2 protein chains.
Amino acid sequence: MTGLNPTHDPKRKSWVDTANSTDTDFPIQNLPFGVFSEGEGPRRVGVAIGDMILDLTALEVGGKLTPGGDTKVFDQGVLNPFMGLAQTVWSQTRAKIADLLDAEGGDPSLPLVARSAAQLHLPVFVRSYTDFYASKEHATNVGCMFRDPDNALMPNWLHIPIGYNGRASTVVVSGTPVHRPNGQLKGPQDDAPRFGACQKLDIELELGALVGTPNPMGQPVGAAEAYDNIFGYVLINDWSARDIQVWEYQPLGPFQSKAFGTTISPWIVTREALEPFRAPAPERVQPLLPYLHEETPNNFDIRMEVALAPKGQDATVISRTNYKYMYYSSALQLVHHASSGCAMETGDLLGSGTISGPTPDSFGSMLELTWNGRDPVEVDGGTRTFLEDGDTVAITGWCEGAYRIGFGNCDGTILPAVDFGIS
Amino acid sequence: MTGLNPTHDPKRKSWVDTANSTDTDFPIQNLPFGVFSEGEGPRRVGVAIGDMILDLTALEVGGKLTPGGDTKVFDQGVLNPFMGLAQTVWSQTRAKIADLLDAEGGDPSLPLVARSAAQLHLPVFVRSYTDFYASKEHATNVGCMFRDPDNALMPNWLHIPIGYNGRASTVVVSGTPVHRPNGQLKGPQDDAPRFGACQKLDIELELGALVGTPNPMGQPVGAAEAYDNIFGYVLINDWSARDIQVWEYQPLGPFQSKAFGTTISPWIVTREALEPFRAPAPERVQPLLPYLHEETPNNFDIRMEVALAPKGQDATVISRTNYKYMYYSSALQLVHHASSGCAMETGDLLGSGTISGPTPDSFGSMLELTWNGRDPVEVDGGTRTFLEDGDTVAITGWCEGAYRIGFGNCDGTILPAVDFGIS
């Protein structure tokens, strides 16, 4: 860990007592950004600190924190205006917030809201959502099940950070229930498809990178620059309908099987807060092309867990993994994404792809954990192959060092399928 | 043609003389919406009429046309606020504009701008862009070339309006130049990919439907409702890099091969203006599932052409086709898109997919016209297999009846690839 950046100093304490607990996700070294309201009140931008939220919208109105100068950036109910400012402003603002919250020299008169009393909202307007496929273990497992076990990994996978455009309109904040999707289903023995409720509803454990600094159409982005253009990170549960997917995905990729809901955690953990936890990528099986060369370790050491609670039952952890296993970093994904001349915009969300580790208990989807339903997992009160109505899935993630940098909740509960009227 | 809607009356004339010419794209029966500026002036909403533009932003400021009541909807420089209003308001506003422009009883004092003096802009904020694959001929041709000629059409194609999420950030208005993309290229005989400029740069002739009325997450849309939820249509050239595509597309579909630019025509021809040109879908090879049943003919009889002009040379028409050949209408695409619970939003663009007719001169891509480069097409001053730098491609489309409903220009010129610095 570097001692150069005072916001990374493990000795710092806050005048917000709960921020000094060793098990909080939100010590003074984290300071993630989010959007909250009290009841039906207006949406405000805040920073999580211990059990509280510092109200940045109020600070901006009061003239105590003005990152946009004369232009307000915390008055839109989303973080995009702030994320569109210069990277130096992100950093200066974070340093200023740390100083305001510091146990020594801070300002205990600042407006705080209890997290337990606040409603959390989507922190950004998600301009576009791209879902990648960056875990070699996940791509290999899926290839084994759906294609050819002897050639599970496609030949392009070791060269390209494979990804596809997802659906931004159904990215929702933690706590939003998700209906089981309807869709076309066709088993291998069926003559024709039928329309009905998904029977293989799954999760995908991912990390999401949020682009702050845009690049215009036609202008590529280098690897070091790409790392810096990312404002911060959230947890993602990319809900997936495996039976819809297997029938629809050829030749143009997943579509409605991934379009019905994507849950993200409400607090954007800044790239700067994760900086002390940088980790190298796994060894390259084949050399990457020069445009994908990373000078620095752009992965992060983030522990992650998936817990499943049937309705009225306790949660059981069904997967424990780590983001550091990912073959392609978010920075490399961004480089590749822009390499064709594709414009990347403030508020773009890049999903890492399912984070599966090397062992069966570290897989990031039920498809892999149960090996497409063959090996059910134990949960409180029964077993699961895929999700049942009423199940709640909770994803957690944190960095562990001299302090803990956590991401907060990424939860969702499955509601029954909507009756379509006709099938 | 129906005589019920006065805006479809072929006998109506306008006090704008050029709107009464038989060869204009923009008679009083069309009235497409767009966004324009004069020089560096502010972006205003307008309606094309003959060689002129009626300035709706000025009419709204002056209180002569107030579709949003007390709330201004023509002051944002995009049509999304108007498209988000009730469908009855779209219709009433169009009828009112027709009355204002009518040769008898209209108001010749209204503010007009010459189209030749105006700069046209993207008419909507494209919230999300989805690209479909609805021509059976196109899907069959591509399947023959890239996969198995004996099983060219995938088994799901006759049941699902196949589509994938495209990239909204690079949808640009007609006239915007597009750089040849860079990307990973690997020939079948190559040991490894290389990074470089696309060598198989192509077009895709499409029609785009723009969603006006949204549906919330979890709430499906029926076929009749879907037709009505579409505000209007534009022409699309979905530029495509075939060599990048063939190496990247498995298993998650096209990505950077389609991300570098998508050109649309500047005028949104309303669904209501196209109403008299509704056409039935081609006969179904197999019955569609009930949720995809159309009570009414939801295709349109729209003639379309592609012309190619090498730099400094004249344009040659290289394809003549018709939108009516499409197997899946935009309405059916929208039904399928929302069927999983996917929220559709105001400003969503749904590309029809490449519009290829039954004969070789009616194919909507150079891939098909030249059969992947085997049979070059003749153009002024030479031949082409794929596009060369400096080439300009112009797509046109129009309905022909007692009057002509045209779409205006959908043009783009290819600039050389950007030097990436490293490869």
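Proteins come first, then strands; the chains are lettered A, B, ... in the order of their sequence lines, and each starts at number 1. All values derive from a computational prediction rather than experimental measurement.
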Spacing of [X] atom [atom1] and [Y] atom [atom2] [to the nearest 0.5 Å]:
X        : Y        : atom1 : atom2 : result
B:Ile162 : A:Tyr249 : CD1   : OH    : 12.0 Å
A:Asn156 : B:Trp247 : CG    : CH2   : 5.0 Å
A:Thr130 : B:Asn165 : OG1   : CG    : 9.5 Å
A:Tyr164 : B:Glu248 : OH    : CD    : 14.5 Å
B:Arg167 : A:Met217 : CZ    : CE    : 12.0 Å
A:Ser339 : B:Ile244 : OG    : CD1   : 7.5 Å

Using heavy-atom distances under 4.5 Å, tell me whether [X] contacts chain B through its side chain, its backbone, both, or neither.
X        : value
A:Val172 : side chain
A:Val221 : backbone
A:Arg180 : neither

Quiz item: Is the distance between the ring centroids of A:Tyr133 and B:Phe255 under 6.0 Å?
Solution: no

Self-check item: A:Tyr291 and B:Gln184: side chain donor to acceptor below 3.5 Å
Solution: yes

Quiz item: Does any heavy atom of chain A fall under 4.5 Å from the side chain of B:Ser257, the backbone, both, or neither of them?
Solution: neither

Exercise. Take A:Gln256 and B:Cys342 through the test side chain to side chain contact (heavy atoms under 4.5 Å, CB included) and record every step on the way to the result.
Key: CA-CA 7 Å; A:Gln256 292 308 287; B:Cys342 180; 3.8 Å; yes

